[in-house]
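I have placed the structure first, in the form of structure tokens, so that the comments after it can refer back to it.
Just so we're on the same page: letters track the sequence lines, and every chain starts at 1.
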Amino acid sequence: MEVVAVIDFETTGLSPAQGDRATEVAAVIVEDGRVVDRYQSLMNAGVRIPAFIEALTGISNAMVRSAPPAGEVMREVSDFVGDIPIVAHNASFDAKFWDAELARVQRSRRQEFVCSLLLSRRLFPLAPSHKLGALVEYAQLPVAGRYHRALADAEMAASLLLRLEEELRQRHRVPQVSVELLRRIQRVPKAQLQKCLAAFTRA
DNA sequence: TGCCAGGCCCTCTTTAGGGCCTT
């Protein structure tokens with residue numbers, strides 16, 4: 001598989017359109033089946049973190065207050081990622097914060113997102129849940145740290161991506177997994193998965 | 001005033017509703 005960046009945001013809520021902002025971002029670079037580089041930073045967007053989010057993430061208002069400005073962090077992380085494909089767990093969530101925070105520093109996204117949640121629903125249909133934590137347990141992946149911290153979640157999503165790649169190679173006999181294949185799989189109706197994979201499988 | 005996310009996906013569907021995921 002080509003080089004990809006797996007990212008994760010912690011935020012003050014679910015919707016940038018409702019005023020929610022990022023509080024932490026992490027990106028790990030996956031190359032040749034392993035993580036080869038990492039970026040992580042808290043970020044100060046100048047907004048208050050609700051108490052239940054503090055409890056969920058362990059990221060407090062005091063921690064964010066002493067963090068670098070959000071714009072500075074977004075410039076750094078977007079430079080770190082560059083134009084390589086981005087993967088995230090429930091990518092529609094991370095993509096909307098990525099776009100919203102980049103827009104605040106007059107930048108725009110240069111690549112499509114790949115979603116490990118959509119891939120997992122198709123490739124691990126028997127998993128009891130497709131939450132990141134449940135998939136880590138289901139696939140017996142290492143717990144990289146505290147859930148709901150950006151770097152730990154990005155590392156675990158990267159492990160999940162590599163496990164999905166292995167599933168495609170071993171169970172589905174796809175000789176060469178590409179980002180293009182992942183993009184097709186995450187959009188294909190479940191009933192058409194086998195037909196989709198057949199086009200990428202050598203006899 | 002009152003409301004407040006949104007995309008995916010299943011089904012007792014398609015003239016819709018509700019659960020799953022992300023924080």
Side-chain angles (χ1 to χ4, degrees), chain A residues 5-28 40-65 67 70 73-74 77 86-104 109 112-139 141 143-161 163-164 182-196:
Chain A
V6 182
I7 73 155
D8 186 73
F9 276 110
E10 303 308 317
T11 71
T12 61
L14 295 173
S15 173
Q18 299 293 317
D20 292 319
R21 297 292 306 275
T23 57
E24 186 179 46
V25 65
V28 301
Q40 177 274 330
S41 183
L42 290 166
M43 49 203 282
N44 185 358
V47 295
R48 182 148 193 91
I49 304 172
F52 80 98
I53 298 281
E54 280 191 332
L56 177 71
T57 64
I59 298 170
S60 67
N61 281 287
M63 288 164 68
V64 165
R65 205 173 299 127
V73 173
M74 287 308 299
V77 72
I86 297 178
V87 180
H89 198 67
N90 199 8
S92 66
F93 173 85
D94 291 279
K96 67 187 179 183
F97 277 96
W98 183 262
D99 291 348
E101 294 292 348
L102 278 187
R104 290 175 175 275
R109 171 151 59 99
E112 290 298 308
F113 273 63
V114 171
C115 180
S116 58
L117 169 63
L118 296 180
L119 292 171
S120 297
R121 281 179 176 159
R122 287 160 178 79
L123 297 174
F124 292 144
L126 300 180
S129 158
H130 295 90
K131 291 180 187 176
L132 180 60
L135 288 164
V136 165
E137 187 174 344
Y138 177 77
L141 303 172
V143 176
R146 177 180 172 145
Y147 285 108
H148 292 301
R149 285 302 300 263
L151 184 58
D153 281 1
E155 297 257 15
M156 289 186 281
S159 293
L160 173 61
L161 176 70
R163 183 66 186 78
L164 291 165
L182 299 182
R183 287 189 178 131
R184 290 202 196 182
I185 291 173
Q186 70 179 6
R187 293 293 170 203
V188 74
K190 272 184 184 174
Q192 294 174 28
L193 177 62
Q194 291 308 322
K195 186 179 175 186
C196 171

Can you find a side chain N or O atom of [X] that sits less than 4.0 Å from OP1 or OP2 on [N]?
X	N	value
His148(A)	dT23(B)	yes
Arg21(A)	dT23(B)	no
Lys96(A)	dT23(B)	no
Ser129(A)	dC21(B)	yes
His130(A)	dC20(B)	no

- Item | Which residue lies more 5' along DNA chain B, comparing Lys190(A) with Pro128(A) via nearest heavy atoms |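 Between the two, 5'-proximity favours Lys190(A).
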- Closest nucleotide of DNA chain B for Ser15(A) versus for Ile53(A): which of these residues is on the 5' side?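 Residue closer to the 5' terminus by nearest nucleotide: Ser15(A).
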With a 4.0 Å cut-off on heavy atoms, is [X] in touch with a base, just the backbone sugar-phosphate, or nothing at all?
X	result
Phe9(A)	sugar-phosphate
Asp8(A)	sugar-phosphate
Thr23(A)	nothing
Thr12(A)	nothing

Write down the distance separating the [atom1] atoms in [N] and [M], rounded off to the nearest Å.
N	M	atom1	result
dG7(B)	dT23(B)	C1'	16 Å
dG6(B)	dT1(B)	C1'	24 Å
dG19(B)	dT13(B)	C1'	15 Å
dC9(B)	dT14(B)	C1'	14 Å
dG18(B)	dC4(B)	P	14 Å

- Would Val188(A) and Lys195(A) satisfy side chain to side chain contact (heavy atoms under 4.5 Å, CB included), going step by step from the backbone distance to the final call? CA-CA 10 Å; Val188(A) 74; Lys195(A) 186 179 175 186; over 6 Å; no
- Message: Given 3.5 Å as the limit, does a donor-acceptor pair link the side chain of Gln186(A) with the main chain of Cys115(A), or not?
- Response: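 Yes; at least one donor-acceptor contact below 3.5 Å.
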Options [options], nucleotide nearest the side-chain atoms of [X]:
X	options	result
Arg187(A)	dT22(B), dT23(B), dC8(B)	dC8(B)
Gln18(A)	dA5(B), dT23(B), dC8(B)	dA5(B)
Lys131(A)	dC21(B), dG7(B), dT23(B)	dC21(B)

- Measure the distance from CD on Glu10(A) to C1' on dC21(B) and round it to the nearest whole Å.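 For the pair Glu10(A) CD and dC21(B) C1', the rounded distance is 14 Å.
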- Item | Interatomic distance where CG belongs to Leu132(A) and P belongs to dT23(B) [whole Å] |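 In whole Å, dT23(B) P lies 8 Å from Leu132(A) CG.
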- Which class fits the ring pair Phe97(A) and Phe9(A): parallel under 30°, tilted 30 to 60°, perpendicular over 60°?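 Judged by the thresholds at 30° and 60°, the geometry between Phe97(A) and Phe9(A) is tilted.
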- Item | Neighbours of DNA chain B within residues 112-125 of chain A, by heavy-atom distance under 4.0 Å |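 Within residues 112-125 of chain A, the residues near DNA chain B are Leu118(A), Arg121(A), Arg122(A).
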- Task: Drop me the distance from Tyr138(A)'s OH to Ser129(A)'s OG, to the nearest 0.5 angstrom.
- Result: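 Reported to 0.5 Å precision, the distance equals 11.5 Å.
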